[in-house]
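Each chain gets a letter, A, B and so on, in the order its sequence line appears, and its residues count up from 1. Below, all heavy atoms of this structure are taken into account, side chains as well, without hydrogens, waters or symmetry copies.
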There are 2 protein chains.
Amino acid sequence: MAPQDNAEGAGDRPPPITLADVAREAGVGESTVSRVLRGKGSVSDEARQRVLQTVRRLGYVPNRIAGTLASTGSRLVALVIPSITNIVFADVLSGASPTLTGAGYQAVFAVTDYDPKAEEDLIESMLAWRPSGLIVAGLEHTPRAFAMMRGAGIRIAEILDTDAEGIDIVVGYSNLDAGRASARFLASRGKRRIGYVGHDLARDKRGAKRYQGFCQALAGLGMHVADAEIVPALSSIELGRNGLAVLLDRTPDLDAVYFANDDLALGGLFHCMAKGISVPGQLALMGYNGLDVARLAPQPLATIRTPRRLIGEMAARLVCSDEPSGIYDVGFELIEGATV
Amino acid sequence: MAPQDNAEGAGDRPPPITLADVAREAGVGESTVSRVLRGKGSVSDEARQRVLQTVRRLGYVPNRIAGTLASTGSRLVALVIPSITNIVFADVLSGASPTLTGAGYQAVFAVTDYDPKAEEDLIESMLAWRPSGLIVAGLEHTPRAFAMMRGAGIRIAEILDTDAEGIDIVVGYSNLDAGRASARFLASRGKRRIGYVGHDLARDKRGAKRYQGFCQALAGLGMHVADAEIVPALSSIELGRNGLAVLLDRTPDLDAVYFANDDLALGGLFHCMAKGISVPGQLALMGYNGLDVARLAPQPLATIRTPRRLIGEMAARLVCSDEPSGIYDVGFELIEGATV
DNA sequence: AAACGTATTGGCAGCGCTGCCAAGTGGTGC
DNA sequence: GCACCACTTGGCAGCGCTGCCAATACGTTT
C-alpha cells in the first residue's frame, strides 16, 4: 500500500503547445490551422500537409475547452444515472458510449445513487459544462431539476420509462404495461396464490410502476397479491434469497412469486435450489430485466427482456441529432423461461 | 417507435445568462460575483447576499468551460476503460464517481472495447479536454499512447495491475500472483488433472498474466495444465458453459478446472448443475473476481476477490491530490468457497 | 479587356470567465 | 493628524480557439 516513489520529473513543464505555435512553425495563419484540423473550409493541399506535419512534429493536441468556448456547440453529452453497477444502466451506457464517440461527442456522467436531490445537484453541475445534450433516467425529477432542464436550451432525453409526461425526448417502454404483462402471464399459467418480493420502491420509481401495473392487472382478473415482502434496500441477489425465505416462512402456500427484478429473482431461484423447492412445480418464479445470468441459469428464468442497449443508443443518437422530439417506445419482450 | 411530436417551442432561445448579467443586475463588479460563487477572496455579507439572490432570481448557471479556460485546472478527470458492462469496470467507476464528485470534479469516460488502438485514440480525444487527471486500465498501451500520457503534464493512474512498470500512479494488485495463488490452492486440495477455460487473452492482458502465473506455479510443483479451452471472444456465462462442455468432452478425466474469471466459472457451474456433475466431488471449479453472483450461487464459488471499488476510489483520490506517485498495491483475497 | 465567380488565406474580435492589480474604505497605533 | 494595515471592490487583460470579414490570386464569362 505504501507508494514506492517514482522518479518522475518534478521540473517545470514547458508551456503547452497552442494552435498559434503550430501556425507560426508551419508558416501559415491560425485560421488555416484551425481549418485543417476541423476539415472545414477549403485549404490547399500544400498548406494542409505542412500543418499536419507540424502538428505531428510538435505533438500538438487541440484544446477543446477553448474550441467550445469560441464556438457554439460543446460536443459533450451529459448522462445522469442512478447507479453504475446496476447492469441496466451499464447496458444503457454501453449503448450510448460508442454512439456518442462515433458522432464526435464525449460522454460525461454522474451517478445519483437513486437520490432525487443528488440528481438535481448533479444536473446543475453537468449543465455548467454546457453539454449539447442531457440523458437522464426516468421521468420523475425535482421541480428545480425540471426548471433547469427546461431552461437549459439543450436536447434532453429521459429514458427507461414512458408512463408520464416527458420534457423533450423520451426513449423507453411502459413499466406499468410490463407489470401488467407479468401478472397476466402468471395468471394464464394457472397461478392463484401469488406473492411479491421487492426492494425500496420509494427510490426505484420504475419498479414501483411495475408493481402497480402488476396489482392492477391481477385486480382486473379478480385476484390480488397474497403476500408481499418489501426489503428496504437496493436490490441484490442476496436480498432476493432472504426475501423469498421470509415470504415463504410467512405464507408457505404460495404457488408463484413475482420479483421486482432479475437480481432478486435469481436470489429466489438460488434459495429454491438450496432448499430443494421444485421450480416451477412447487413454486413458480418470475423476474424482470432479462439479464444474461438469468437466461443461462440452470433453469432459465421467466422474465421480461428490456432493450436497454438500444435505449442508450437511441437516446444518444437523438440528443445529438435534430430528429423530432417525442416519445420513442421501444417495447419489451416477455421471456417464458422455465420457472413458471 | 414513431415519435409523437411534442409541442416544445421551436422559438429562439433567449441569450444565456452570463456572469456579467448577474453583476449588472446585482449592482456589483464581475469580480465580486466570481468571488462569491467560488467562495474565494473576501466579500462583504451584504454583497454576497445580493449576488446570491440575483443568481437565484435569474437562474444563472456558471459556465465551467469559460472558467476552465480562464483558470488553470479543469476539474475534469478522464476515465478510459475497456468495457462498461463488465462488472469489474463498473465497480471501479462506482468507486471513482462519488470520490470525484465529492472533490468537485467531473468524470468523463470512454470505452475502448479492449482495443489498444481505440484506447490510443480515446486518450487523445480525452486529453483535448485538458483533464486534470487520467485514469486508465492496465499498464500496456501503444507507444503513442505512452508518449501522449507522458507529455500531458497531468496525473495519470493506471489501475488493476502491478505487473509492469507504471507511468505515474499505479493502483492494483499482481495478476501474476493471483494466478499463482489459484494454482497453489488447487494443488493444496489434491487436484492433479487440472484444466483451464479462458477467453481471448490477446485482448485481456490481465487475464493472460493470471494464466501465466497459474502455469508458472503449477510448473513449480511439477505439474502442468492438462488441457485448456480458449474461446476466442469476450468472457460470458454462456462461453463458460460451452467452454467447459467442450473441455470435458475432450478430456473427461479432469479433477479441477480453473476459469479466467467468475463469469466463465459460473457458466461452468451451471453446466455441472445441468449435467449432474457433482461439484467439487467429481470436478472442482475455481474462478476469479469475487462477483456477488458467484458468492451467492447455490454453491459458493471458489474465487479470488479483488477490491475493485477501492481501486476506483483510490485512483480517483490520487489523481486529484498531490499525494506521491508510485505503486499502490491493494492486494487480493482468496475465497475458498465450496466448489474446490 | 473588364467584370465576375471561386478558392485560398490571414487578421482579429470575442466566447465567459479568472487572476492580478490598483483603488477605496475604515479602524489602529503613535 | 498621519502612517499603516486589513478588508473590500471593480477594471481589464488574457486563456486558446472559432467565426466572420476582407484581401488576394486565378480562371471564366461576356
Side-chain angles (χ1 to χ4, degrees), chain A residues 13-51 54-55 58-76 104 125 127-132 152-153, chain B residues 13-51 54-55 58-76 104 125 127-132 152-153:
Chain A
R13 302 236 129 249
I17 297 142
T18 69
L19 181 140
D21 297 330
V22 176
R24 193 168 8 79
E25 288 283 321
V28 299
E30 296 185 27
S31 320
T32 301
V33 178
S34 177
R35 277 186 288 254
V36 169
L37 262 29
R38 284 177 302 143
K40 284 185 153 194
S42 52
V43 181
S44 66
D45 264 350
E46 195 243 326
R48 184 191 322 282
Q49 291 314 320
R50 210 132 42 92
V51 167
T54 310
V55 164
L58 301 182
Y60 169 66
V61 178
N63 184 331
R64 285 235 210 182
I65 296 281
T68 299
L69 183 61
S71 64
T72 38
S74 79
R75 300 254 132 193
L76 275 177
S125 73
L127 290 180
W129 289 101
R130 297 295 187 269
S132 54
Chain B
R13 303 232 130 251
I17 296 140
T18 69
L19 181 141
D21 297 330
V22 176
R24 192 169 7 78
E25 287 284 321
V28 299
E30 296 184 28
S31 321
T32 301
V33 177
S34 178
R35 278 186 287 255
V36 169
L37 261 30
R38 284 177 302 146
K40 283 185 152 192
S42 52
V43 181
S44 67
D45 265 351
E46 195 244 326
R48 183 191 321 284
Q49 292 313 321
R50 210 133 41 93
V51 168
T54 311
V55 164
L58 301 182
Y60 169 66
V61 177
N63 184 332
R64 285 236 210 182
I65 297 280
T68 298
L69 184 60
S71 63
T72 39
S74 78
R75 299 255 131 191
L76 276 176
S125 74
L127 290 179
W129 289 102
R130 298 294 186 269
S132 54

Task: Contact under 4.0 Å: B/Tyr60 side-chain N or O vs C/dG16 OP1/OP2 - done: no
Under 3.5 Å between N/O atoms: give me all the protein pairs with nucleotides 12-15 of chain D, atom names plus distance.
from	atom 1	to	atom 2	distance (Å)
D/dC15	O2	B/Leu69	O	3.4
D/dC15	O2	B/Ala70	N	3.2

Open item on the list: Keeping B/Ser132 on the side-chain end and B/Leu76 on the backbone end, is there a donor-acceptor pair under 3.5 Å?
Closed with: yes
For residues 31-43 of chain A, run the donor-acceptor check on the side chains, cut-off 3.5 Å, and write out each pair with its distance to 0.1 Å, sequence neighbours left out.
from	atom 1	to	atom 2	distance (Å)
A/Ser34	OG	A/Arg38	NE	3.2
A/Ser34	OG	A/Arg38	NH2	2.8
A/Arg38	NE	A/Ser34	O	3.4

- [ ] Could you check whether A/Ala47 gets within reach of a base, just the sugar-phosphate, or nothing at all, counting any heavy atom under 4.0 Å?
- [x] sugar-phosphate
Open item on the list: For a 4.5 angstrom cut-off between non-hydrogen side-chain atoms, does B/Asp21 reach B/Tyr60?
Closed with: no
Task: Rounded distance (nearest 0.5 Å) linking atom CD1 of A/Ile65 with atom OG1 of B/Thr68 - done: 5.0 Å
- [ ] Mind calculating the distance between CZ (A/Arg75) and C1' (D/dT18) to the nearest angstrom?
- [x] 14 Å
Task: CZ on B/Arg64 to CG on A/Leu69, rounded to 0.5 Å - done: 15.0 Å
Task: B/Glu46 CD to D/dT8 P, straight-line distance once rounded to whole Å - done: 12 Å
- [ ] State, yes or no, whether a side-chain contact exists between B/Arg50 and B/Val28 at a heavy-atom distance under 4.5 Å.
- [x] yes
Task: Pairwise 5' ranking along DNA chain D for A/Arg64 and B/Val33, keeping only the more 5' one - done: B/Val33
TODO: Return the value, rounded to whole Å, for the distance between atom CZ of B/Arg24 and atom P of C/dC17.
DONE: 12 Å
Task: B/Thr54 and B/Leu58, any side-chain heavy atoms less than 4.5 Å apart - done: yes
TODO: Could you check if a side-chain atom of B/Val61 sits within less than 4.5 angstrom of a side-chain atom of A/Arg130, using non-hydrogen atoms only?
DONE: yes
Open item on the list: Within residues 34-44 of chain B, which residues have any heavy atom lying less than 4.0 Å from an atom of DNA chain D?
Closed with: B/Arg35, B/Ser42, B/Val43, B/Ser44
